[in-house]
Amino acid sequence: MKIETKKFGEINGETVTKYTLINQHETKISLITLGATWQDFSVKETDGRHQLLVNFDNLEDYIKTPYYLCKAVGRVAGRIAGAQFSIAGKDYHIENNEKDYALHGGSHGFSFINWSAESRVDEKQASVIFKHYIKSSDDQYPGNLEATIIYTLTENNRVTVTFLGKSDQTTLFNPTLHAYFNVTDSQHDLRKQWLKINSSKRLELNTNKIPTGNFLPVKGSNYDFQQKENLQDVLDKLKKDQSIIELDDIFLVTPNSQEPVAEIGDSADKRRIKIYSQRNAVVVFTTNPLDPEREKQHDFNALAIECQTLPDAIHHQNFGDIILPAGKTAVYNIAYQYEH
């Protein structure tokens, strides 16, 4: 295992550093301090190196993108209805950074922080540890939060992302990684990429993508990914049957560290990524972060997969507990196992 470090750019006078972790198979992941972003996930193949993430090669695009491209998201991923919530009878109002709700921790959330970082390496794995002390006055959530995000690459091509949070007041904590994948040869579109989700139910959403609280069975619908489904075929069916132009949906899964909650792969069966999560939701979203004109035509090349507790859980008792008690440390892991 080895780690390489170099400057990736600057933001607000601060250096943005890029860390590259490489194992004995020459599988490589790169991370940048802005947004604790997963910038590269590439593997060595007989015909050269192949990229698995949809990514940018420069800092400016990561600053400008509205898509949270492969960035850490928090304190709370997803939408919070009304940008308000109550804990123990006390009401809190946070930034409504999209319409009348809060999205992905607000405009001062994890994705916009230039994190401090350090690296560690031994014979079996390499890690980068990102840390930041987030003041309540920074993001309007209760409590000052000690946040840590650890990326680890092992020799067997597994990437694990660990989120840790500890607050001096009871607060909310539901972080995730907004990873965008395309594992096909050209990464041009989704015509040769499939998706499988170990889920029999998805959340019903209103027109603002806020959960209604109801769950819908996926069986017999265009949202049934219990067996692997070609993504472009699903998108074509949605557009034809329901005039829906994208996937932007939330699936209920059973937390499991031994069986994947989701898998993606290419139709040629060259590459597959199994995703493991300790929480009960998988959010999927299709877009084209690299080409605004193709995006306008709903011509997508990227699939975002976010593992988290069900969004807006603070307003739904049966969605899961995202309350972080004062002085307690929450620890969540997401693992990505590459296979070929």
Side-chain angles (χ1 to χ4, degrees), residues 27-29 38-43 45 49-55 67-71 73 77 151 153-154 156-161 176-200 202 218 222-238 246-290 299-308 333-340:
T27 298
K28 179 169 70 174
I29 71 169
W38 190 3
Q39 188 267 335
D40 179 284
F41 186 16
S42 58
V43 293
E45 299 181 349
R49 179 162 291 280
H50 187 84
Q51 180 63 242
L52 304 171
L53 293 175
V54 176
N55 67 352
Y67 293 107
Y68 299 84
L69 190 73
C70 298
K71 294 180 178 181
V73 173
Y151 288 82
L153 172 66
T154 68
N156 69 343
N157 295 331
R158 177 173 288 228
V159 179
T160 301
V161 186
T176 191
L177 178 65
H178 212 303
Y180 287 78
F181 293 99
N182 188 319
V183 301
T184 67
D185 285 340
S186 68
Q187 290 197 319
H188 181 267
D189 52 43
L190 297 174
R191 298 183 185 282
K192 295 182 179 180
Q193 181 163 286
W194 56 261
L195 169 67
K196 181 180 179 182
I197 306 175
N198 189 13
S199 171
S200 62
R202 67 184 179 98
V218 300
N222 292 325
Y223 297 93
D224 190 350
F225 292 97
Q226 294 178 94
Q227 303 298 322
K228 62 184 185 181
E229 297 288 340
N230 179 279
L231 280 162
Q232 191 59 54
D233 288 350
V234 171
L235 289 168
D236 290 345
K237 289 176 184 177
L238 286 170
E246 64 186 3
L247 280 170
D248 190 358
D249 294 276
I250 303 159
F251 294 83
L252 177 69
V253 297
T254 300
N256 199 321
S257 59
Q258 303 301 317
E259 296 293 331
V261 294
E263 299 178 53
I264 54 173
D266 68 313
S267 58
D269 205 26
K270 292 182 181 179
R271 309 169 195 99
R272 178 189 298 240
I273 298 173
K274 295 181 177 180
I275 302 172
Y276 300 82
S277 171
Q278 301 165 313
R279 289 181 285 167
N280 66 359
V282 169
V283 182
V284 297
F285 174 56
T286 52
T287 187
N288 195 323
L290 309 185
D299 181 7
F300 304 135
N301 82 319
L303 174 72
I305 300 181
E306 306 149 60
C307 297
Q308 58 174 93
N333 294 304
I334 309 169
Y336 306 84
Q337 180 65 59
Y338 171 73
E339 298 181 356
H340 60 91

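Any value given below was found using the heavy atoms of this structure, including those in side chains, with hydrogens, waters and symmetry copies removed.
- Nearest heavy-atom pair, Gln51 versus Leu53, reported as atom, atom and distance to 0.1 Å: CG-O, 3.1 Å.
- Screening Ile197, Val283, Asn198 for a side chain to side chain contact (heavy atoms under 4.5 Å, CB included) with Phe251, the sole residue that qualifies is Ile197.
- Summarising the geometry, atom CG belonging to Leu195 is positioned 8.0 Å from atom CD1 belonging to Ile275; distances are rounded to the nearest 0.5 Å.
- Asn301 places a side-chain N or O within 3.5 Å of a backbone atom of Gln187 that can act as its donor or acceptor partner.
- Contact of the Val73 side chain with the Glu306 side chain is not registered, since no non-hydrogen atoms from C-beta on lie closer than 4.5 Å.
- Contact of the Phe225 side chain with the Val234 side chain is registered, since non-hydrogen atoms from C-beta on lie closer than 4.5 Å.
- Taking the salt bridge (Lys or Arg N to Asp or Glu O under 4.0 Å) definition, one finds that Glu246 meets it with nothing, sequence neighbours left out.
- A 4.5 Å side-chain heavy-atom check between Tyr336 and Phe181 finds at least one atom pair inside the cut-off.
- For the side chain to side chain contact (heavy atoms under 4.5 Å, CB included) test, residues two or more places apart in sequence or in another chain that qualify with Thr27 are Asn23, His25, Phe41, Val43, Leu153, Asn157.
- Taking the side chain to side chain contact (heavy atoms under 4.5 Å, CB included) definition, one finds that Ala302 meets it with Val54, Tyr180, Pro289, sequence neighbours left out.
- Not one N or O on the side chain of Arg158 forms a donor-acceptor pair closer than 3.5 Å with the backbone of Ala335.
- Closest of all the heavy-atom pairs between Lys196 and Gln226 is CE-O, 3.3 Å.
- A donor-acceptor pair under 3.5 Å links the side-chain atoms of Asn55 to the main chain of Gln39, judged by distance alone.
- A donor-acceptor pair under 3.5 Å links the side-chain atoms of Gln337 to the main chain of Asn156, judged by distance alone.
- By the side-chain hydrogen bond (donor to acceptor under 3.5 Å, both in side chains) test, Asn333 pairs with Thr162, sequence neighbours left out.
- In terms of the side-chain hydrogen bond (donor to acceptor under 3.5 Å, both in side chains) criterion, residue partners of Asn182 (sequence neighbours excluded) are, by chain and number, Thr184.
- Residues meeting the side chain to side chain contact (heavy atoms under 4.5 Å, CB included) test with His188, sequence neighbours left out: Ser186, Arg294.
- Here the CG-CG distance, from Asp233 to Leu238, works out to 11.0 Å after rounding to the nearest 0.5 Å.
- Annotation: side chain to side chain donor-acceptor pair (under 3.5 Å) contacts involving residues 251-263, sequence neighbours excluded, comprise Glu263-Arg272.
- Smallest separation of non-hydrogen atoms from Val159 and Ile29: CG2-CG2, 3.7 Å.
- For Lys28, the salt bridge (Lys or Arg N to Asp or Glu O under 4.0 Å) criterion is met by no residue, not counting sequence neighbours.
- Considering all non-hydrogen atoms of both residues, Pro255 and Gln278 come closest at CB-O, 3.0 Å.
- With sequence neighbours left out, Arg191 forms a side-chain hydrogen bond (donor to acceptor under 3.5 Å, both in side chains) with no residue at all.
- In this view, Asp249 and Arg202 satisfy the salt bridge (Lys or Arg N to Asp or Glu O under 4.0 Å) rule, not counting sequence neighbours.
- Between Glu45 and Arg271 there is a salt bridge, with a side-chain nitrogen of the basic residue lying less than 4.0 Å from a carboxylate oxygen of the acidic one.
- Atom NE2 of His50 is surrounded by more than 12 heavy atoms from other residues, nucleotides or ligands within 6.0 Å.
- Smallest separation of non-hydrogen atoms from Asp40 and Trp38: O-NE1, 3.0 Å.
- For the ring-ring contact (aromatic ring centres under 6.0 Å, His included) test, no residue two or more places apart in sequence or in another chain qualifies with Tyr223.
- For Lys237, there are no salt bridge (Lys or Arg N to Asp or Glu O under 4.0 Å) partners, not counting sequence neighbours.
- Shortest non-hydrogen contact noted between Asn288 and Asp299 is ND2-O, 3.0 Å.
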